[in-house]
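For reference, the structure is listed below as structure tokens.
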Amino acid sequence: MSTRTSWADLAANSAAENATAGSSSANNGPVGTASAPPSRSTYVPPHLRNRPAVSDAPAPAYSGPVSNNDRPGYGGSRWSGGPRNDSGRSGYSGGGGRGGWGGGRSGGWDRGRDREVNPFADDDVTTEEAFTEQENSGINFDAYEDIPVETSGDNVPPPVNTFAEIDLGDALNQNIRRCKYVKPTPVQRHAIPISLGGRDLMACAQTGSGKTAAFCFPIISGIMRGESVQRPPRGARTVYPLALILSPTRELSMQIHEEARKFSYQTGVKVVVAYGGAPIHQQLRELERGVDILVATPGRLVDLLERARVSLQMIRYLALDEADRMLDMGFEPQIRKIVEQMDMPPPGERQTMLFSATFPKEIQRLASDFLANYIFLAVGRVGSSTDLIVQRVEFVHESDKRSHLMDLLHAQRANGTQGKQALTLVFVETKKGADSLEHWLCMNGFPATTIHGDRTQQEREQALRSFKSGNTPILVATDVAARGLDIPHVAHVVNFDLPNDIDDYVHRIGRTGRAGKTGLATAFFNENNSSMARSLSELMQESNQEVPAWLSRYAARSSFGGGRNRRSGGRFGGRDFRREGSFNRGGSDYYGGGNSSGGYGASSGGYGGGYGASSGVTSAWD
DNA sequence: AAAAAAC
């Protein structure tokens with residue numbers, strides 16, 4: 001019998017208690033009722049766990065409703081009167097609340113509560129003064145106002161307009177406030193009620209749209225409600241997370257983990273991350289201290305499963321982030337193994353959220369296999385590649401690239417648009433190329449670092465930290481950094497080598513223009529990129545960018561096939577193929593003659609550029 | 001063709 005318990009164990013004893021918790025429990029638990037008898041004396045509701053004994057809360061000073069925001073629409077009022085503190089909350093009164101967890105049960109991970117590091121700690125001190133505008137929110141709300149959203153499926157729960165109208169619980173609400181999220185983004189407005197309603201979700205949305213919060217909030221809230229968790233029968237060193245979040249790259253997993261830790265701060269919900277390239281022992285130790293939400297890359301998770309250090313038997317929530325990317329990277333066997341061939345409860349008995357930028361057939365199949373009666377949600381592209389990013393294409397011969405880059409960097413330096421607050425991200429094609437360019441930049445007086453798959457994980461993380469902090473304001477990267485990573489203050493993305501796929505281009509330039517800031521994207525184009533001419537010039541036209549005449553000529557000359565994914569139409573990454581009435585597991589070609597389906601039609605005023613009405617498989621959005 | 005990902 002294990003003494004290492006997490007919430008699952010604790011909650012097992014509380015099933016009966018929770019059964020009386022009210023209507024909410026009816027919505028949530030796909031898992032059956034627990035058989036364990038209630039045991040009031042030991043149960044600790046998660047929101048009471050992990051709490052400092054007295055009022056010396058390590059929470060950061062939160063000095064009022066969001067004030068660094070000049071939008072009149074959402075000041076502090078949503079939070080009904082600004083900051084509250086624990087002692088003012090009903091239902092939890094200082095020492096009185098301690099009874100639950102104060103004594104008794106040893107071995108619950110709550111013994112580690114003193115060690116819960118304040119995940120908000122670095123946010124405020126260093127950056128707040130320098131960047132007051134919308135720091136942490138990571139979201140440019142203006143750009144989100146007019147985003148078209150499409151949902152389909154049976155009984156779609158209506159979207160919400162504020163966090164306040166969703167019952168996420170006090171602890172989570174506080175964290176939302178600490179994160180300075182004042183208003184849900186479109187994907188959150190729709191996805192959160194869907195997930196809270198216990199439904200499976202297939203969502204086409206980009207990173208930076210608030211996706212992480214969209215799947216984390218319902219998971220955390222659901223775990224905190226915590227009904228019906230059975231105690232795992234296996235003992236020994238196996239841990240039983242309640243939620244699993246899979247993502248394609250290590251850095252993305254780290255990033256999700258960091259965000260999830262903020263959302264779950266002082267909720268008692270424990271988030272652990274596991275990825276390759278790092279010594280496994282530390283991760284094992286973390287796991288042994290208890291895990292409710294496991295964030296992982298597929299390879300390392302398979303390893304952990306094969307070692308029987310993790311069991312998926314208790315999984316109630318499964319989220320797959322960047323699913324199309326994971327398939328691109330060849331993770332399908334691992335993912336299927338994890339989801340279908342281990343001990344994870346089947347669809348219907350768990351809640352599954354599948355996020356993907358695009359919705360090609362492979363993802364449709366995954367959706368059919370992993371989801372049960374799901375709701376399809378497509379969120380249109382945010383203006384990031386249209387409104388906020390200025391795209392430039394310059395004709396640069398291969399041999400001139402370095403000196404041309406140097407010109408740009410010198411100009412930036414002269415401008416003052418370089419340094420801590422104006423980072424430059426340079427994408428190259430190969431790992432070797434990344435190393436040699438980094439070296440060359442350093443030799444020429446531009447502090448640079450690099451991130452790619454040949455570096456050790458430690459080096460990768462160090463590089464990212466150094467870049468983010470502004471110590472080395474230039475980062476040379478391969479596509480490992482193209483998707484999903486949210487690095488604030490990237491002012492300039494240089495496509496030193498253009499990718500061969502327009503979707504990759506869109507992902508790359510999406511690293512700038514984030515958090516409400518404008519960004520610049522410069523691409524070096526030459527005859528080697530002629531296959532991209534057409535799709536690139538189309539994309540630029542669509543996003544109201546100035547297309548150089550020479551590029552248009554190139555585009556006209558280069559026949560079709562430009563970019564293996566010619567970008568064609570569609571505000572969304574995809575549509576709910578079930579609506580086409582041709583759903584069939586063998587994979588009928590739903591995209592054949594598709595046209596925009598109803599619902600939003602031409603009504604999306606303000607939506608940048610507008611897309612053609614041609615059928616489209618893809619639109620790359622993180 | 002290159003990139004990513006477990007040991």
Side-chain angles (χ1 to χ4, degrees), chain A residues 207 244-257 272-284 287 294-310 320-339 341-342 356-357 362 398 425-438 450-461 463-464 475-485 495-508 511 526-532 561-565 620 622:
Chain A
T207 304
L244 175 64
I245 299 170
L246 287 176
S247 90
T249 66
R250 298 164 181 174
E251 280 76 13
L252 203 47
S253 286
M254 292 172 55
Q255 185 178 296
I256 293 168
H257 173 241
V272 176
V273 67
Y275 51 79
I280 202 167
H281 298 289
Q282 199 179 332
Q283 292 172 10
L284 286 173
L287 286 168
L294 177 59
V295 184
T297 47
R300 177 54 61 92
L301 178 59
V302 167
D303 190 6
L304 291 168
L305 291 168
E306 283 171 351
R307 294 175 189 226
R309 298 301 294 263
V310 170
L320 293 103
D321 200 13
E322 306 277 352
D324 51 353
R325 181 67 166 172
M326 288 201 277
L327 295 199
D328 282 351
M329 288 168 64
F331 282 159
E332 183 157 6
Q334 284 104 313
I335 290 173
R336 288 203 178 266
K337 174 164 187 169
I338 291 164
V339 177
Q341 291 152 36
M342 303 304 289
S356 180
E362 309 82 68
E398 216 51 55
L425 181 52
V426 182
F427 280 104
V428 296
E429 196 61 22
T430 67
K431 296 181 277 197
K432 262 186 153 149
D435 278 335
S436 82
L437 183 59
E438 176 219 10
T450 180
I451 185 168
H452 60 71
D454 271 358
R455 303 200 82 194
T456 67
Q457 191 56 26
Q458 211 173 11
E459 289 170 328
R460 283 163 59 162
E461 287 167 26
L464 208 49
L475 179 66
V476 183
T478 61
D479 266 332
V480 67
R483 297 200 187 202
L485 286 191
N495 273 292
F496 189 89
D497 299 319
L498 270 168
N500 293 316
D501 183 326
I502 192 67
D503 286 348
D504 288 336
Y505 172 82
V506 176
H507 281 291
R508 288 177 176 189
R511 298 312 101 203
N526 61 39
E527 55 283 346
N528 296 332
N529 309 114
S530 52
S531 71
M532 286 284 289
R564 76 180 149 77
N565 258 323
D622 279 296

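Sequence lines set the chain letters: A, B, ... in the order given, protein chains first and strands last, and positions in each chain run from 1.
When distances are taken from the side chain of E306(A) to each of dA5(B), dA6(B), dA1(B), the shortest belongs to dA6(B). Of the candidate nucleotides dA5(B), dA6(B), dA2(B), dA6(B) has the atom lying nearest to any side-chain atom of Y275(A).
Using a 4.0 Å heavy-atom criterion, one finds that G277(A) contacts the sugar-phosphate atoms exclusively. Within 4.0 Å of D303(A), counting heavy atoms only, lies at least one base atom of the nucleic acid. Using a 4.0 Å heavy-atom cutoff across all strands shown, Q334(A) reaches no nucleic acid atom at all. V480(A) comes within contact range of the sugar-phosphate backbone alone, with a heavy-atom separation under 4.0 Å but no base atom that close. Across all strands, A278(A) comes closer than 4.0 Å only to sugar-phosphate atoms, never to a base (heavy-atom distances). Looking at heavy-atom distances under 4.0 Å, R460(A) makes contact with sugar-phosphate atoms alone, never a base.
Between the CD atom of E459(A) and the P atom of dA4(B) there is a distance of 13 Å, rounded to whole Å. Here the P atom of nucleotide dA2(B) and the CZ atom of R508(A) are 14 Å apart, to the nearest Å. Distance CG (N495(A)) to C1' (dA2(B)): 15 Å, rounded to an integer number of Å. Rounded to an integer number of Å, the gap from D454(A) CG to dA3(B) C1' is 10 Å. If you take NZ of K431(A) and C1' of dA5(B), they are 11 Å apart, rounded to a whole angstrom. Rounded to whole Å, atom P of dA1(B) lies 20 Å from atom CE of M329(A). In this structure, E251(A) places its CD atom 11 Å from C1' of dA5(B), rounding to the nearest Å. For the pair I338(A) CD1 and dA6(B) P, the computed distance is 10 Å after rounding to whole Å.
Enclosure of atom CD in E527(A) by more than 12 non-hydrogen atoms of other residues, nucleotides or ligands within 6.0 angstrom is indicated.
No hydrogens or angles considered: a donor-acceptor pair under 3.5 Å links the side chains of R250(A) and Q457(A). E251(A) and Q255(A) are not linked by any side-chain donor-acceptor pair at a separation below 3.5 angstrom, with hydrogens and angles left out of the test.
In terms of phosphate contacts, T478(A) brings a side-chain nitrogen or oxygen within less than 4.0 Å of OP1 or OP2 of dA4(B). OP1 or OP2 of dA5(B) has not a single side-chain nitrogen or oxygen of R455(A) nearer than 4.0 Å. OP1 or OP2 of dA6(B) has at least one side-chain nitrogen or oxygen of R250(A) nearer than 4.0 Å. A sub-4.0 Å separation between OP1 or OP2 of dA6(B) and a side-chain N or O of T297(A) is present.
Counting only heavy atoms from C-beta outward, the side chains of I280(A) and R307(A) approach each other to under 4.5 Å. Two residues are said to be in side-chain contact when any heavy atoms from C-beta on lie closer than 4.5 Å; T297(A) and P248(A) fail this criterion.
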